[in-house]
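Before any comments, here is the structure.
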Amino acid sequence: MYRTHHCNELRASHIGITARLAGWVHVRRDHGGVVFIDLRDREGLTQVVFRPEENAEVTEIAHTLRHEDVVEVSGRVAPRIAGTENPKLATGEVELVPSSLRILNRADVLPFPLDSDPSNEDLRLSYRYFDLRRPHLARNLRTRHRVTKATRDYLDEQGFIEIETPILSKSTPEGARDFLVPSRQTPGKFYALPQAPQQYKQLLMVGGVEKYFQIAKCFRDEDLRADRQPEFTQIDIEASFVRPEDIYALVEGMLAAVFREAQGIEIPTPFPLMTWHEAMDQFGSDKPDRRFGMHLIDLADVFAASSFKMFRGALDTGGAVKAINAKNFASVTTGQMEELTTMAKLYGAKGLAFIKVENGKWQSPLVKFFTDEEKAALTSQLDISEGDLVLFAADKWEVVCEVLGRLRLRISEFQKLTAGSTALDFLWVTDFPLLAFDAAENKWNAVHHPFTRPKADDVALIDAGEFGKARAEAYDVVLNGVEIGGGSIRIHEPDLQAKMFAALGVSEADQQTMFGHILRAFRLGAPPHGGIAMGLDRLVMLICGEQSIREVMAFPKNNRGIDLMSQSPSEVDARQLRDLGMKLAGEKPQA
RNA sequence: GGAGCCUUAGCUCAAUUGGUUAGAGCGCCGCCCUGUCACGGCGGAGGUUGCGGGUUCGAGCCCCGUAGGCUCCGCCA
């Protein structure tokens with residue numbers, strides 16, 4: 001037995017007993033005679049004191065201890081000398097006076113100190129196993145465990161069963177780029193790693209499972225971000241005979257359980273609902289951050305008869321004129337204003353019109369175009385007062401919303417509007433568009449995925465070829481401006497599914513090759529079903545207050561998909577390639 | 001594919017307008033130190049300033065290229 005207690009266990013009540021502890025040498029304070037070490041394990045710290053007069057031999061060895069050596073000590077639990085108790089430590093009333101010291105392993109000089117946050121993330125990632133010792137990361141991993149545990153317990157109580165689905169699965173053309181795995185036994189063919197267990201979970205519904213979930217690893221071969229890794233984890237849920245409100249209630253209950261277990265806080269349910277159109281119209285985002293105002297205000301009424309061509313032109317061609325009021329941001333710097341203008345153009349605006357209110361005056365190149373009535377209407381609708389910065393956009397509705405939505409978020413960063421906020425603002429965004437036209441590919445793509453059910457009222461629009469107007473029976477759950485989950489009610493009828501594939505430009509033959517199994521399944525009594533997938537990494541990231549999902553994953557990859565610790569991906573030897581019937585294409589010829 | 005920021009000792013950072021031998025704290029090594037808890041004292045080692053080129057009498061600093069890291073856009077059904 002290495003230990004009888006952990007390092008956050010001994011208290012005054014243990015004084016007099018013999019205890020054995022094991023752990024890492026956190027700090028050593030060597031006074032030449034007496035030697036103190038703070039012994040650390042995952043639970044905490046306990047001070048160990050070596051006294052030459054008590055045990056000269058053991059103290060002699062203690063002089064050689066260094067940071068992060070792994071030791072086992074056994075001895076008497078003693079009260080600290082009066083006046084030397086440490087109120088900062090839970091174990092600060094006592095100390096261990098060892099009669100034996102066993103060095104289990106010595107540590108080399110450390111690559112970086114554990115007691116501060118090194119900013120050098122690639123160094124941390126290279127020594128991830130070492131970085132994980134820091135209480136910060138250890139706490140995140142434990143929180144993640146609490147979240148998955150609470151999820152499993154809750155879904156189990158609700159009658160859901162966890163089912164594993166294949167990792168070696170089939171490539172599909174829709175969606176993200178697949179990671180491919182060459183097949184040795186069928187040369188020239190490939191498995192794909194799942195982007196999500198989407199088809200399997202629907203087939204489980206056809207299989208009569210009715211209530212399925214999985215803490216599922218998913219893989220997408222796309223470029224990375226702070227909140228995107230090539231492999232990540234979803235809480236994947238599917239149920240039969242459900243409507244959206246059944247999914248809402250289930251997820252609200254699940255998140256309530258998660259926040260109760262992981263954070264000890266009660267979140268208000270049910271979450272408010274907002275349609276996609278409302279979200280775009282008021283916040284310029286399909287995942288609105290409602291922790292601050294700065295709403296997009298529609299000014300069509302104000303400028304309906306305006307003499308200002310930019311605004312009138314947009315309105316006359318069926319577009320929109322909107323503005324946001326960045327309260328107290330007339331102090332915007334030139335650099336910030338340039339950045340906002342660049343952003344506005346990047347997202348499709350022709351320019352960025354503004355009003356700065358300083359010293360009681362509207363500083364703006366626009367004012368001369370406005371009538372007194374228009375100024376009065378602006379003042380009241382936008383609640384304009386001294387020190388404000390008002391930004392306008394006039395264009396197609398989609399462009400206006402997108403531009404102002406992006407500016408709104410950037411300004412909130414400039415003004416630190418959500419800094420230090422502990423608000424938890426949940427909402428459902430519903431009624432997403434079913435299809436979106438991709439100009440680059442010159443085709444319609446599914447906004448959610450090709451199995452998403454159109455709203456019953458909108459099936460006729462698909463029949464009429466008005467793809468852009470059809471809405472989906474789809475929903476996202478949003479927390480503080482971050483999409484933490486999304487799902488939909490699915491198509492369960494083969495003819496409707498075929499109609500969707502046709503709209504997506506998938507030929508009859510391709511439908512059979514790529515989706516034949518699911519179309520056949522739908523002909524054998526598929527129940528109505530739907531579900532949702534929650535991004536576990538993002539959820540835990542928000543709960544832990546982190547800016548990156550790397551901080552809540554044990555072994556993340558860097559932003560080029562490289563594991564700096566193990567140096568994967570790596571080359572393989574020729575034999576492995578030969579087994580797979582593969583050859584590297586080699587260097588590209590010079591252009 | 002594109003944009004921005006960054007790279008100086010093991011770590012965190014400094015180095016005036018381009019100017020002497022590139023410094024500090026922590027860590028490391030040695031010696032001293034019997035009640036500390038960021039223990040303390042004295043001494044020491046440790047640098048191809050990411051790499052390559054250029055400008056200059058002289059480059060950590062300016063210019064070009066390149067590698068790596070981070071963030072963002074595109075992409076992510």
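First the proteins, then the strands, lettered A, B, ... as listed; each starts at 1. Computed over heavy atoms, backbone and side chain alike; hydrogens, waters and symmetry mates excluded.
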If only side-chain N and O atoms of [X] are considered, is one of them under 4.0 Å from the OP1 or OP2 phosphate oxygen of [N]?
{"X": "A:Arg550", "N": "B:U71", "answer": "yes"}
{"X": "A:Arg66", "N": "B:C29", "answer": "yes"}
{"X": "A:Arg225", "N": "B:C70", "answer": "no"}

How is [X] classified with respect to the nucleic acid when contacts are heavy atoms under 4.0 Å: base, sugar-phosphate, or nothing?
{"X": "A:Asp221", "value": "nothing"}
{"X": "A:Arg410", "value": "nothing"}
{"X": "A:Asp223", "value": "base"}
{"X": "A:Tyr347", "value": "sugar-phosphate"}
{"X": "A:Gln195", "value": "nothing"}
{"X": "A:Arg560", "value": "sugar-phosphate"}

**Prompt:** Taking the inter-plane angle between the rings of A:His449 and A:Phe451 on a 0 to 90° scale, is it parallel (under 30°), tilted (30 to 60°) or perpendicular (over 60°)?
**Reply:** tilted
**Asked** Relative to each other, are the rings of A:Phe501 and A:Phe515 parallel, tilted or perpendicular (30° and 60° limits)?
**Response** parallel
Would you please name every residue forming a side-chain hydrogen bond (donor to acceptor under 3.5 Å, both in side chains) with [X], sequence neighbours left out?
{"X": "A:Arg220", "answer": "none"}
{"X": "A:Ser566", "answer": "A:Asp563"}
{"X": "A:His26", "answer": "A:Arg40"}

Please enumerate all protein N or O atoms sitting under 3.5 Å from an N or O of nucleotides 8-11 of chain B, with distances to 0.1 Å.
from: B:G10; atom 1: O2'; to: A:Pro111; atom 2: O; distance (Å): 2.7

**Complete:** Going 5' to 3' through nucleotides 33-41 of chain B and flagging B where a protein heavy-atom sits under 4.0 Å of the base, S where only the sugar-phosphate is that close, and - otherwise, we get BBBBBSB--
Could you tell me how far [M] sits from [N] if I compare only their [atom1] atoms? Round to whole Å.
{"N": "B:G46", "M": "B:G10", "atom1": "P", "answer": "11 Å"}
{"N": "B:U12", "M": "B:A38", "atom1": "C1'", "answer": "15 Å"}
{"N": "B:G27", "M": "B:A9", "atom1": "C1'", "answer": "11 Å"}
{"N": "B:G52", "M": "B:A59", "atom1": "C1'", "answer": "15 Å"}
{"N": "B:C6", "M": "B:G44", "atom1": "P", "answer": "36 Å"}
{"N": "B:C26", "M": "B:U71", "atom1": "P", "answer": "32 Å"}
{"N": "B:C61", "M": "B:G69", "atom1": "P", "answer": "23 Å"}
{"N": "B:G60", "M": "B:C32", "atom1": "P", "answer": "41 Å"}

Is it the case that [N] (base atoms only) and [X] (side chain only) share a donor and an acceptor within less than 3.5 Å, ignoring hydrogens and angles?
{"X": "A:Arg220", "N": "B:C76", "answer": "no"}
{"X": "A:Arg124", "N": "B:G69", "answer": "no"}
{"X": "A:Asn559", "N": "B:G69", "answer": "no"}

What is the distance, to the nearest angstrom, from the [atom1] atom on [X] to the [atom2] atom on [N]?
{"X": "A:Glu121", "N": "B:U12", "atom1": "CD", "atom2": "C1'", "value": "16 Å"}
{"X": "A:Glu174", "N": "B:C75", "atom1": "CD", "atom2": "C1'", "value": "15 Å"}
{"X": "A:Asp108", "N": "B:C28", "atom1": "CG", "atom2": "P", "value": "12 Å"}
{"X": "A:Arg106", "N": "B:C28", "atom1": "CZ", "atom2": "P", "value": "13 Å"}
{"X": "A:Asp122", "N": "B:U7", "atom1": "CG", "atom2": "C1'", "value": "10 Å"}
{"X": "A:Glu441", "N": "B:C76", "atom1": "CD", "atom2": "C1'", "value": "13 Å"}
{"X": "A:Leu564", "N": "B:G68", "atom1": "CG", "atom2": "P", "value": "11 Å"}
{"X": "A:Asp115", "N": "B:G27", "atom1": "CG", "atom2": "C1'", "value": "10 Å"}

In Watson-Crick or G-U wobble terms, both distances under 3.5 Å, what is the partner of [N]?
{"N": "B:G30", "result": "B:C42"}
{"N": "B:G25", "result": "B:C11"}
{"N": "B:C62", "result": "B:G54"}
{"N": "B:C5", "result": "B:G69"}
{"N": "B:G18", "result": "none"}

**Request:** Please test A:Glu9 against A:Glu43 for side-chain contact (heavy atoms from CB on, under 4.5 Å), starting from the C-alpha separation and ending with a verdict.
**Result:** CA-CA 8 Å; A:Glu9 196 168 359; A:Glu43 304 297 336; over 6 Å; no
**Prompt:** Would the A:Phe36 and A:His31 ring centres measure less than 6.0 Å apart?
**Reply:** yes
**Request:** Indicate yes or no: does A:Arg124 engage A:Glu551 in a salt bridge with an N to O separation below 4.0 Å.
**Result:** yes
**Request:** Before accepting this row, confirm whether a basic side-chain N of the pair A:Asp438/A:Lys443 lies closer than 4.0 Å to the acidic partner's carboxylate O.
**Result:** no
**Message:** Is the terminal nitrogen or CZ of A:Arg410 (NZ for Lys, CZ for Arg) located under 6.0 angstrom from the six-membered ring centre of A:Phe414 and within 45° of that ring's axis?
**Reply:** yes
Between side-chain atoms of residues 341-348 of chain A and protein atoms elsewhere (two or more places apart, or another chain), which donor-acceptor pairs fall under 3.5 Å?
from: A:Thr341; atom 1: OG1; to: A:Met337; atom 2: O; distance (Å): 2.8
from: A:Thr342; atom 1: OG1; to: A:Glu338; atom 2: O; distance (Å): 2.8
from: A:Tyr347; atom 1: OH; to: A:Arg406; atom 2: NH1; distance (Å): 3.2

**Request:** Keeping the roles fixed (side chain from A:Thr91, backbone from A:Leu45), state whether a donor-acceptor pair exists under 3.5 Å.
**Result:** yes
**Item:** Residue A:His67, side-chain heavy atoms: nucleotide from B:C75, B:C28, B:G69 that is nearest
**Value:** B:C28
**Message:** Please pick, from B:C76, B:C29, B:G69, the nucleotide with the shortest atom-to-atom distance to any side-chain atom of A:Glu222.
**Reply:** B:C76
**Complete:** Scanning both residues in full, the closest heavy-atom pair of A:Gly561 with A:Leu224 reads N-CD2, 3.7 Å
